[in-house]
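Step one of this worksheet: look at the structure below.
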Amino acid sequence: MPTDNKRLRGPDVSHSLSLFVRKPAADVRPDGPRADGRQRDQVDVRPVFVRCGLVSQAKGSAYIEAGNTKLMCCVYGPREMERKDETDMKSGRLMTDMRFAPFSCLERGSWIQGTEEKDLSLMLLESLRPAVCLHKYPRSQIEVNVMVLENSGSVLAHAVTCASLALADAGIEMYDLVLGCSIRQDGASYVIDPTLVEESGCCSGSGENQGRLTVAFLPSLNQISGLQSDGEMGEETLTAGVRTCIEGCYKLYPVIQQALAKTVRRGAPPPSES
């Protein structure tokens with residue numbers, strides 16, 4: 001029987017891809033250390049790696065990596081609005097789009113934007129809008145596109161930080177940077193910057209004070225630009241959670257400042273020889 005020389009033959013022996021999928025970390029005791037070694041009930045965020053200006057086609061871009069959570073953000077504009085009937089003569093328009101890459105989760109997703117992605121895009125918009133000087137860009141639109149490359153928890157908080165960095169890299173005038181931080185409340189205990197397993201899991205089994213909280217914070221102005229909460233938490237627990245998230249944002253602030261300063265120095269012209 002003749003063979004097709006243009007078609008690559010598959011291997012004679014193969015293995016199921018499920019054998020190479022990492023199993024989620026086992027649940028740990030509520031009073032013990034977390035799976036990645038961080039402590040509970042402490043402002044212990046994951047180490048963050050940040051770079052700006054990686055996408056040359058965009059006006060501004062940023063990449064952030066916190067543990068196994070990896071995001072990329074690109075900013076385009078300001079440019080003329082596509083729809084003339086939505087043109088504002090006194091203020092510009094900020095547009096956000098947040099999507100998960102099909103390979104970002106354990107279960108392969110779709111390129112079509114789902115309900116969760118639309119909700120996250122709206123939350124991202126509400127967190128960034130108070131920090132951008134839109135009155136400086138009348139009749140213009142600024143597009144912010146966030147792509148989640150790997151989801152390992154706290155994607156909204158890190159998306160806010162990454163988008164703020166990309167806006168600053170694009171030269172968009174802002175009142176202040178926007179930093180995001182989130183916690184997972186589990187009864188009387190909490191974990192800051194939770195992983196995906198910690199976000200979806202419940203350790204104590206108690207029905208009181210169970211939820212998640214994400215805060216978008218402007219550190220120089222000491223103002224909150226966005227707050228998103230899921231679950232059931234009392235007033236005192238919610239207030240304490242907001243304060244904890246603000247402390248986490250202040251811990252990230254020096255890292256973000258250093259990344260922006262390094263980008264500015266890299267793009268500055270060399271000193272002239274006199």
Side-chain angles (χ1 to χ4, degrees), residues 55 57-66 68-79 81-88 91-132 134 137 140-167 170 172 174 178-184 193-200 211-218 224-233 245:
V55 181
Q57 294 85 353
K59 184 69 178 297
S61 61
Y63 171 81
I64 188 170
E65 182 176 324
N68 290 328
T69 299
K70 304 176 180 67
L71 300 96
M72 174 72 74
C73 179
C74 296
V75 174
Y76 301 92
R79 53 192 180 191
M81 288 189 177
E82 297 178 356
R83 298 184 58 178
K84 301 298 182 180
D85 56 339
E86 297 180 354
T87 302
D88 191 345
S91 177
R93 183 183 181 187
L94 184 65
M95 303 176 63
T96 58
D97 182 76
M98 184 172 175
R99 296 176 183 266
F100 289 90
F103 50 83
S104 63
C105 305
L106 293 178
E107 296 183 1
R108 186 173 180 86
S110 172
W111 280 109
I112 302 176
Q113 192 177 35
T115 304
E116 181 183 4
E117 294 170 322
K118 292 180 181 179
D119 293 340
L120 290 174
S121 299
L122 180 59
M123 297 173 193
L124 180 63
L125 174 63
E126 294 176 349
S127 300
L128 294 176
R129 185 186 292 161
V132 181
L134 292 176
Y137 308 97
S140 303
Q141 68 179 19
I142 301 171
E143 300 178 9
V144 179
N145 299 319
V146 177
M147 177 62 69
V148 180
L149 303 177
E150 185 173 354
N151 180 14
S152 183
S154 305
V155 289
L156 178 58
H158 294 300
V160 170
T161 306
C162 188
S164 175
L165 275 169
L167 286 168
I172 304 298
M174 304 172 66
V178 188
L179 304 181
C181 188
S182 61
I183 66 169
R184 169 72 164 90
D193 192 13
T195 62
L196 186 62
V197 176
E198 292 171 339
E199 281 184 340
S200 57
R212 296 177 297 177
L213 177 67
T214 301
V215 173
F217 185 66
L218 282 67
I224 294 176
S225 62
L227 190 148
Q228 191 265 338
S229 176
D230 295 332
E232 297 182 2
M233 290 182 284
C245 289

Could you give the distance from CE (Met98) to NZ (Lys118), rounded to the nearest 0.5 Å? 15.5 Å

Ignoring hydrogens, what is the shortest heavy-atom contact between Gly92 and Met81? Give both atom names and the distance. C-CE, 4.3 Å

Minimum heavy-atom distance between Ser164 and Met174, given as atom pair plus value: OG-CE, 3.8 Å

To the nearest 0.5 Å, atom OG of Ser104 lies from atom CG of Leu71 at 9.0 Å

Any Val148 side-chain heavy atom under 4.5 Å of Thr69 side chain: no

Identify the heavy atoms of Glu199 and Pro194 that sit nearest to each other, and give their distance. CG-CG, 3.7 Å

From Leu156 CG over to Ser121 OG, what is the distance, rounded to the nearest 0.5 angstrom? 10.0 Å

As an exercise, state the distance from CG of Leu124 to CD of Glu117, rounded to the nearest 0.5 Å. 12.5 Å

Evaluation steps, side chain to side chain contact (heavy atoms under 4.5 Å, CB included), between Leu227 and Leu213: CA-CA 7 Å; Leu227 190 148; Leu213 177 67; 3.8 Å; yes

Leu94 and Val132: which non-hydrogen atoms are nearest, and at how many Å? CD2-CG2, 4.3 Å

Starting at CG of Leu167, measure out to OG of Ser61 and round the result to the nearest 0.5 Å. 11.5 Å

Got a sec, which residues hit side-chain hydrogen bond (donor to acceptor under 3.5 Å, both in side chains) with Ser152, two or more places apart in sequence or on another chain? none

For the pair Ser225 (side chain) and Ser127 (backbone), establish whether a donor and an acceptor sit closer than 3.5 Å, ignoring hydrogens and angles. yes

To the closest 0.5 Å, what do you measure between CG (Asn145) and CE (Met95)? 9.0 Å

Looking at residues at least two apart in the chain, or sitting in another chain, which of them share a side-chain hydrogen bond (donor to acceptor under 3.5 Å, both in side chains) with Ser182? Ser154

Can you name the residues that form a salt bridge (charged side-chain N to carboxylate O under 4.0 Å, His left out) with Arg129, not counting sequence neighbours? none

Can you list everything that forms a side-chain hydrogen bond (donor to acceptor under 3.5 Å, both in side chains) with Asp230? Sequence neighbours excluded, please. Arg212, Gln228

Side chain to side chain, Val215 and Cys181, heavy atoms closer than 4.5 Å: no

side-chain hydrogen bond (donor to acceptor under 3.5 Å, both in side chains) filter on Asp97, not counting sequence neighbours, yields Arg99, Gln113

The side chain to side chain contact (heavy atoms under 4.5 Å, CB included) partners of Ala166 (sequence neighbours excluded) come to Ala62, Cys73, Val75

How about Thr214 and Met123: do any of their side-chain heavy atoms sit closer than 4.5 Å? no

How close do Leu218 and Ala131 get, counting heavy atoms only, and between which atoms? CD2-CB, 4.2 Å

Considering residues at least two apart in sequence or located in another chain, which fulfil the side chain to side chain contact (heavy atoms under 4.5 Å, CB included) criterion with Pro78? Lys59, Tyr137, Ser140, Ile142, Ile172

Partner residues of Glu116 under the side chain to side chain contact (heavy atoms under 4.5 Å, CB included) criterion, sequence neighbours left out: Phe100, Leu120

List the residues meeting side chain to side chain contact (heavy atoms under 4.5 Å, CB included) with Lys70, not counting sequence neighbours, and say none if there are none. Tyr63, Glu65, Asn68, Leu149, Glu150

